[in-house]
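All remarks here apply to the structure that follows.
Chain identifiers are assigned alphabetically (A, B, ...) following the order of the sequence lines, protein sequences preceding nucleic acid strands; residue numbering begins at 1 within each chain.
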There are 2 protein chains.
Amino acid sequence: MQNITDIIEAYLKQILHDEKKIEIKRQEIAERFDCVPSQINYVINTRFTIEKGYFVESKRGGGGYIRIQKIVILDSHDLLDEMSRWIGNDLTEQAAEDYLIRLVNEQLLTRREAIVVQSLLQKESLPMVVEDQRRMRAHLMQTLLKTIKRL
Amino acid sequence: MQNITDIIEAYLKQILHDEKKIEIKRQEIAERFDCVPSQINYVINTRFTIEKGYFVESKRGGGGYIRIQKIVILDSHDLLDEMSRWIGNDLTEQAAEDYLIRLVNEQLLTRREAIVVQSLLQKESLPMVVEDQRRMRAHLMQTLLKTIKRL
DNA sequence: ACCTCTCTGACCATCTTTGACTATTGTTTG
DNA sequence: CAAACAATAGTCAAAGATGGTCAGAGAGGT
């Protein structure tokens with residue numbers, strides 16, 4: 001626990017223990033721990049990832065900030081990872097529908113949510129040649145799986 | 001929330017909470033918050049857009065004013081049609097988010113649904129050049145609006 | 001030595017603030 | 001009434017204020 005990364009990590013987690021969400025200014029934290037600002041990005045990228053159960057938002061410019069909140073990781077995390085692996089970067093419309101049905105059955109999505117997503121993944125919504133469509137559909141589904149983790 | 005833009009935004013919205021329409025003088029507001037007049041234009045252009053559900057009118061010259069009102073579209077079918085028209089075939093990520101927030105406020109989508117859709121419309125989910133991205137995003141949003149009608 | 005994790009800094013992206021210049025409308029004057 | 005003047009608001013580009021990225025240097029362990 002001697003390196004700055006660990007120290008900053010501990011500092012932030014200690015605050016998160018009390019508050020369910022914190023908002024920091026990158027520059028301020030960097031000054032407080034006497035390091036370069038990008039160090040804060042490193043801490044966040046290695047210690048506050050979605051896999052570790054954190055959701056991070058930020059804004060640049062005047063009045064900018066970095067916001068971190070703890071999220072609940074679903075039990076079905078493994079299912080999502082597996083699906084992600086199965087899908088890879090190619091997905092047909094039928095397969096997409098099957099996956100969505102599965103997600104609804106697992107109660108990871110509501111029926112309405114599945115309908116919305118399905119409509120966005122159907123070929124009519126993806127105006128491009130079929131191979132691109134399938135790649136695009138896979139890409140969108142991958143995004144969905146990631147998003148579900150923080151719902 | 002220390003930047004002037006957010007402060008002025010909050011001030012105006014707080015008034016709009018009680019009055020359904022406000023009329024301000026640009027110079028006056030600028031003085032009250034000790035900023036340049038064009039700052040007020042910035043606030044209006046970024047925080048009181050049509051996507052966010054505001055209608056702004058103004059007049060120059062003696063007795064000039066800026067009038068802001070919250071747009072109320074009672075019939076949700078009409079709202080969806082209006083949005084569809086506003087969007088056309090070009091949509092930025094920020095505008096998309098604003099529309100989704102609006103849909104949530106109008107209770108046409110749940111928060112979760114909006115988050116899912118937003119994640120699918122963000123640039124990371126649309127691997128193509130920016131112009132195509134915007135066209136694609138508009139296309140997907142149009143699909144969404146159509147889908148909502150039959151949910 | 002080699003590998004992995006950490007740290008740094010130059011450069012990039014985005015949002016905000018400012019001010020000079022422009023456009024429009026109302027009022028006064030010749 | 002037209003021209004000048006006054007009073008507003010709009011536009012836009014540059015500067016300021018943040019946060020993000022990435023490649024390479026540094027440090028610690030095997």
Side-chain angles (χ1 to χ4, degrees), chain A residues 1-13 21-52 54-69, chain B residues 1-13 21-52 54-69 92-98 118 122-124 126-127 129-131 133-134:
Chain A
M1 180 67 87
Q2 11 29 344
N3 57 320
I4 306 189
T5 296
D6 289 341
I7 293 171
I8 297 175
E9 174 190 10
Y11 169 75
L12 294 175
K13 288 195 169 160
K21 162 197 290 201
I22 50 175
E23 189 170 304
I24 60 175
K25 289 202 159 291
R26 191 176 77 150
Q27 182 60 36
E28 266 179 26
I29 300 296
E31 262 162 31
R32 171 193 292 248
F33 293 98
D34 193 33
C35 62
V36 294
S38 58
Q39 177 76 48
I40 309 307
N41 294 90
Y42 180 72
V43 174
I44 283 169
N45 292 332
T46 57
R47 310 297 151 86
F48 294 89
T49 62
I50 195 86
E51 290 82 2
K52 294 190 159 77
Y54 294 90
F55 177 54
V56 180
E57 301 167 283
S58 66
K59 201 177 91 171
R60 310 184 187 192
Y65 58 75
I66 297 178
R67 203 144 52 196
I68 309 176
Q69 32 185 148
Chain B
M1 179 67 99
Q2 16 23 349
N3 57 317
I4 305 187
T5 296
D6 288 342
I7 293 170
I8 297 174
E9 173 191 10
Y11 169 75
L12 295 175
K13 287 196 169 160
K21 155 197 299 199
I22 51 176
E23 190 171 304
I24 60 176
K25 289 202 160 293
R26 191 177 77 149
Q27 181 60 36
E28 267 179 24
I29 300 294
E31 262 162 31
R32 171 194 291 247
F33 292 98
D34 194 32
C35 63
V36 295
S38 59
Q39 177 78 49
I40 310 306
N41 294 89
Y42 180 72
V43 173
I44 284 169
N45 292 332
T46 57
R47 309 296 150 90
F48 294 89
T49 62
I50 194 83
E51 291 90 347
K52 294 188 159 81
Y54 294 91
F55 176 54
V56 180
E57 301 166 282
S58 65
K59 205 177 84 172
R60 310 185 188 192
Y65 58 77
I66 297 178
R67 200 145 53 197
I68 310 175
Q69 16 184 165
T92 66
E93 192 169 350
Q94 182 56 59
E97 190 173 334
D98 291 341
Q118 194 228 335
Q122 67 192 342
K123 47 178 133 6
E124 293 74 20
L126 305 174
V129 297
V130 177
E131 304 80 55
Q133 241 174 37
R134 291 166 57 151

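Atom CZ in B:Arg26 sits roughly 15 Å away from atom P in C:dA23 (whole-Å rounding). Taking atom CD1 of residue B:Ile29 and atom P of nucleotide C:dT17, one finds them 16 Å apart after rounding to whole Å. A straight line from CG of B:Asn45 to C1' of C:dT17 spans 14 Å, rounded to a whole angstrom. For the pair B:Ile40 CD1 and C:dT16 P, the interatomic distance rounds to 14 Å; values are reported in whole Å.
Shown here are the ring-ring contact (aromatic ring centres under 6.0 Å, His included) partners of A:Phe33, two or more places apart in sequence or in another chain: A:Tyr11. Checked against salt bridge (charged side-chain N to carboxylate O under 4.0 Å, His left out), B:Glu28 has no partners two or more places apart in sequence or in another chain.
Checking the phosphate oxygens (OP1, OP2) of C:dT16, no side-chain nitrogen or oxygen of B:Gln39 falls inside 4.0 Å. Taking 4.0 angstrom as the limit, B:Tyr42 places a side-chain polar atom (N or O) nearer than this to OP1 or OP2 of C:dT16.
Here the range on DNA chain D touched by chain B, meaning any atom under 4.0 Å from one of its heavy atoms, is D:dA7 to D:dT11.
Comparing C:dC7, C:dT17, C:dT18 by their nearest atom to the side chain of B:Cys35 picks out C:dT18. Distances were taken from every side-chain heavy atom of A:Val36 (C-beta onward) to each of C:dC7, C:dT8, C:dG26; the shortest belongs to C:dT8.
Residue A:Arg47 is the one, among A:Arg47 and A:Arg60, whose nearest nucleotide of DNA chain C lies closer to the 5' end (criterion: closest heavy atom).
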